[in-house]
Visitor: 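Can you read through this structure? Questions will come right after.
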Amino acid sequence: MTENHPKAESKRDPAEIFVGKRFDIEHALNMYATSFVLMPAFGIYEKEIVAAYKSELAKCHIYIIGTMPKIETVDQCLENGRLIIGMFVGGKRHELAWPMPEGVEMVETERGWFIKKDDGYWAPSDEEMAQRLNAEQDAIRFEVLYIGQAYGKDGSRNALDRLLKHETLQRISVRGVPADQRLTLLMLEIEPGNRMISLMNPWAENTKDGSARIAAGLDKLFGTSDAERVTLYEASLIRHFQPPFNKEFKKSFPSTNLKVLADCYDKDFSALVSEICIDELPFKMTSDAAPPSQYHIAKFDLHEDQARQVFFGRKV
């Protein structure tokens, strides 16, 4: 008797994706945001709000103008050992619950309602509720409308300086946003240093220039200025999100014709990666070009030649 067995799937040779590539050493420049400030657009004109974030704002050179749903708490109660808070998010009702120990009570004070415990008074913060709504109920979207940057001489200008007299922000505000949305500003601090991702490919066509290519990569790693890094990061995000109110970089990035990329091409880098991967953001960012996600990674090959495209998988 003969038994028929399905053919085992052939394992793909790991070397397959690297055969035929040009160089044994390839580099990608990697940039990422490390912290953020989030506030309603009107907040930039409120001295108390600005003062509360003064030190953080000084380090934020990237700004993103967008909309996110209004969050309004409408009721709260203690029920079956839980604190239940009802709220409207963009016009839709949601509930959050917290387990409570026995003996607590809800009290009203001049500063609002609180849960009275043996060790004092407590209530969840707006930030905590927003993060839970995002993480547990996927209820909050940040719709990207415009991306910009401010740096000035030696970092003397920050995002707030630019936004105070920003024509596009004013134009968006005048046009208005839906009643259940709020015009919001996300300001980002970019890691004040560079990361370089290097790939070593023993199957490459050229294995003789590796030392020189390593040296060029290190030169770019340590030679990229803060101003250049901020501009590259801004351009990457614009190309990734393609916000409706941006014009430059939406279709032209990356390109050998762009001055900001000249040094990347001079050092013969292969790719560029810019990241927004911050767990604490209380929303998923999105646009017509970018699906909703907690994390966004704008990644670009700098060469059309497939023999130079080694970081993001083989194109079909």
Side-chain angles (χ1 to χ4, degrees), residues 36-53 56-57 63-100 104-117 120-146 160 163 169-188 243-245 276 278-288 291-294:
F36 70 95
V37 173
L38 182 70
M39 67 172 65
F42 68 80
I44 63 175
Y45 307 109
E46 301 291 332
K47 292 182 179 180
E48 291 184 0
I49 295 178
V50 172
Y53 295 105
E56 292 88 348
L57 286 169
Y63 56 88
I64 302 177
I65 303 172
T67 58
M68 60 183 293
K70 290 181 178 178
I71 303 174
E72 180 185 6
T73 300
V74 291
D75 53 60
Q76 55 277 325
C77 66
L78 285 171
E79 184 178 293
N80 299 324
R82 298 187 305 163
L83 166 65
I84 301 175
I85 300 179
M87 60 198 70
F88 282 106
V89 181
K92 297 181 180 179
R93 182 177 174 85
H94 292 262
E95 288 186 351
L96 292 174
W98 283 261
M100 290 286 112
V104 302
E105 60 178 318
M106 185 177 296
V107 297
E108 289 281 350
T109 73
E110 293 180 354
R111 295 186 296 126
W113 66 269
F114 291 88
I115 296 295
K116 184 178 179 181
K117 300 181 177 181
Y121 295 86
W122 172 86
S125 67
D126 292 343
E127 292 77 10
E128 183 180 1
M129 289 190 289
Q131 288 178 354
R132 285 194 58 189
L133 285 166
N134 175 51
E136 298 171 17
Q137 302 185 26
D138 195 18
I140 307 178
R141 298 282 188 269
F142 183 98
E143 183 77 25
V144 176
L145 300 178
Y146 184 88
L160 178 64
L163 286 166
L169 175 59
Q170 295 170 1
R171 186 164 73 251
I172 296 172
S173 181
V174 169
R175 287 183 55 170
V177 299
D180 60 356
Q181 299 288 306
R182 183 176 66 181
L183 191 60
T184 305
L185 305 174
L186 172 64
M187 289 161 275
L188 298 172
F245 287 90
I276 303 178
I278 303 176
D279 292 337
E280 292 76 18
L281 284 177
F283 47 67
K284 292 178 174 61
M285 297 178 68
T286 186
S287 69
D288 287 343
S293 178
Q294 186 73 29

Visitor: Using side chain to side chain contact (heavy atoms under 4.5 Å, CB included), reason through Phe142 and Ile64 one step at a time and then give a plain yes or no.
Guide: CA-CA 10 Å; Phe142 183 98; Ile64 302 177; 3.7 Å; yes

Visitor: Looking only at non-hydrogen atoms, find the nearest pair between Trp98 and Pro124 and report the distance.
Guide: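 Of all heavy-atom pairs spanning Trp98 and Pro124, the closest is CZ2-CB, 3.6 Å.
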
Visitor: Would you say that Leu83 contacts Val104 through its side chain, given a criterion of any heavy-atom pair below 4.5 Å between the two side chains?
Guide: no

Visitor: Please check: side-chain N/O of Lys70 versus main-chain N/O of Ala179, any donor-acceptor pairing under 3.5 Å?
Guide: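 Side chain of Lys70 to backbone of Ala179, a donor-acceptor pair under 3.5 Å: yes, one is there.
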
Visitor: Looking at CD1 of Ile276 and CE of Met285, how far apart are the two atoms once the value is rounded to the nearest 0.5 Å?
Guide: 4.0 Å

Visitor: Quick one: pull up NZ in Lys116 and CE in Met106 and give me the separation to the nearest 0.5 Å.
Guide: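 Interatomic distance, Lys116 NZ to Met106 CE, rounded to 0.5 Å: 14.0 Å.
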
Visitor: For the residue pair Thr184 and Phe283, establish whether any side-chain heavy-atom pair is separated by less than 4.5 Å.
Guide: no

Visitor: Is there side-chain contact between Leu38 and Pro282, with heavy atoms separated by less than 4.5 Å?
Guide: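 Yes, side chains in contact.
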
Visitor: To the closest 0.5 Å, what do you measure between CD1 (Ile44) and CE (Met187)?
Guide: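 Atom-to-atom, Ile44:CD1 and Met187:CE are 7.5 Å apart.
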
Visitor: What residues, two or more places apart in sequence or in another chain, satisfy salt bridge (charged side-chain N to carboxylate O under 4.0 Å, His left out) together with Arg182?
Guide: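 Arg182 satisfies salt bridge (charged side-chain N to carboxylate O under 4.0 Å, His left out) with no residue once adjacent residues are dropped.
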
Visitor: Is the closest side-chain heavy-atom distance between Ile71 and Ile140 below 4.5 Å?
Guide: yes

Visitor: First locate atom CD of Glu56, then atom CG of Leu188, and finally report the distance between them rounded to the nearest 0.5 Å.
Guide: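 These two atoms lie 13.5 Å from each other.
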
Visitor: Listed by chain and number, what are the salt bridge (charged side-chain N to carboxylate O under 4.0 Å, His left out) partners of Asp138, not counting sequence neighbours?
Guide: Arg141, Lys284

Visitor: Kindly give the heavy-atom pair with the smallest separation between Gln294 and Asp279, and that separation in Å.
Guide: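 So the two residues come closest at NE2-O, 3.4 Å.
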
Visitor: Report, one line per pair, each donor and acceptor closer than 3.5 Å where one atom sits in a side chain of residues 85-94; sequence neighbours left out.
Guide:
residue: Arg93; atom: NH1; partner: Asp75; partner atom: OD2; Å: 3.1
residue: Arg93; atom: NH2; partner: Asp75; partner atom: OD1; Å: 3.2
residue: Arg93; atom: NH2; partner: Asp75; partner atom: OD2; Å: 3.3
residue: Arg93; atom: NH2; partner: Glu95; partner atom: OE2; Å: 3.1
residue: His94; atom: ND1; partner: Gln137; partner atom: OE1; Å: 2.7

Visitor: Relative to each other, are the rings of Phe114 and Tyr121 parallel, tilted or perpendicular (30° and 60° limits)?
Guide: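 Perpendicular, since the angle between the ring planes exceeds 60°.
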
Visitor: Find the distance between CZ (Phe36) and CG (Leu186) and round it off to the nearest 0.5 Å.
Guide: 7.5 Å

Visitor: Glu46: which residues meet the side chain to side chain contact (heavy atoms under 4.5 Å, CB included) condition with it, sequence neighbours left out?
Guide: Phe42, Ile49

Visitor: From Leu96 CG over to Glu128 CD, what is the distance, rounded to the nearest 0.5 angstrom?
Guide: 9.0 Å

Visitor: Using side-chain heavy atoms (C-beta onward) and a distance below 4.5 Å, is Leu169 in contact with Leu183?
Guide: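 Answer yes - side chains close enough.
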
Visitor: Do Leu163 and Ile65 make a side-chain contact, defined as non-hydrogen atoms from C-beta onward lying under 4.5 Å apart?
Guide: yes

Visitor: If the condition is salt bridge (charged side-chain N to carboxylate O under 4.0 Å, His left out), which residues does Glu48 pass it with, not counting sequence neighbours?
Guide: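 Partners of Glu48 by the salt bridge (charged side-chain N to carboxylate O under 4.0 Å, His left out) criterion come out as none, since no residue qualifies.
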
Visitor: Does a side-chain heavy-atom distance below 4.5 Å link Glu143 with Thr286?
Guide: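 A side-chain contact exists here, since the closest heavy-atom pair is under 4.5 Å.
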
Visitor: Report, as yes or no, whether the 6.0 Å neighbourhood of atom CZ on Phe245 holds more than 12 heavy atoms from other residues, nucleotides or ligands.
Guide: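 More than 12 within 6.0 Å, yes.
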
Visitor: State, yes or no, whether a side-chain contact exists between Cys77 and Ile84 at a heavy-atom distance under 4.5 Å.
Guide: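 Sidechains of Ile84 and Cys77: in contact.
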
Visitor: Check the pair Leu185, Leu160 against side chain to side chain contact (heavy atoms under 4.5 Å, CB included), reporting the backbone distance first and the verdict last.
Guide: CA-CA 10 Å; Leu185 305 174; Leu160 178 64; over 6 Å; no

Visitor: Quick one: side chain to side chain contact (heavy atoms under 4.5 Å, CB included) partners of Glu127, sequence neighbours excluded?
Guide: Ser125

